[in-house]
Amino acid sequence: DNVRYIVRWKGLQLTEITWEYWADIKRDFVDEVEDFWLRQKAPTPAEVNKISKAPHPHPKDFKKMKESPIFGVSYVERPIAKLDGEEDVDVNIEKDPSVEYKLR
């Protein structure tokens, strides 16, 4: 709980970023922190080989993007809590065996 994260709050400028202790933000931001650690995972040796052996494209092959890609969207499925009167939702989440942390 003594880990601190630098937080850029939505809607505020870069000058408004703050350092926050995990104990203070974990109740509201577990999903965002899990996504952060998933993005920090090192590539596998197979991925490194694939990236390093791929030929670099010629500058004439680059094309202007028509729209900006969406960043910060998580595609990790998460369990959904049931509400009163609802049945349990069975969410089959395949865990990555190389992930060695548990934030919940």
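- A heavy-atom distance below 4.5 Å is not found between the side chains of F36 and D31.
- Residues passing the side chain to side chain donor-acceptor pair (under 3.5 Å) test with E32, sequence neighbours excluded: none.
- Under a hydrophobic-cluster definition in which Ile, Leu, Val, Met, Phe, Trp and Tyr are linked whenever side-chain heavy atoms come within less than 4.5 Å, directly or via other members, V3 and W19 are assigned to different clusters.
- The local environment of CD in Q40 is crowded, with over 12 non-hydrogen atoms from other residues, nucleotides or ligands closer than 6.0 Å.
- The main-chain N or O of T44 is found under 3.5 Å from a side-chain atom of E47 such that the two form a donor-acceptor pair.
- Nearest approach of S52 to N49, heavy atoms of both residues: OG-O, 3.3 Å.
- Contacts of W9 classified as ring pair (Phe, Tyr, Trp, His ring centres under 6.0 Å), with partners at least two apart in sequence or in another chain: F29.
- For Y5 against V33, the heavy-atom pair with the smallest separation is OH-CG1, 3.5 Å.
- If you take CZ on R4 and CG on N2, they are separated by 10.0 Å, rounding to the nearest 0.5 Å.
- For the pair L14 and R8, the minimum side-chain heavy-atom distance is below 4.5 Å.
- Hydrophobic clustering, with ILVMFWY side chains joined whenever heavy atoms are under 4.5 angstrom apart, keeps I25 apart from I17.
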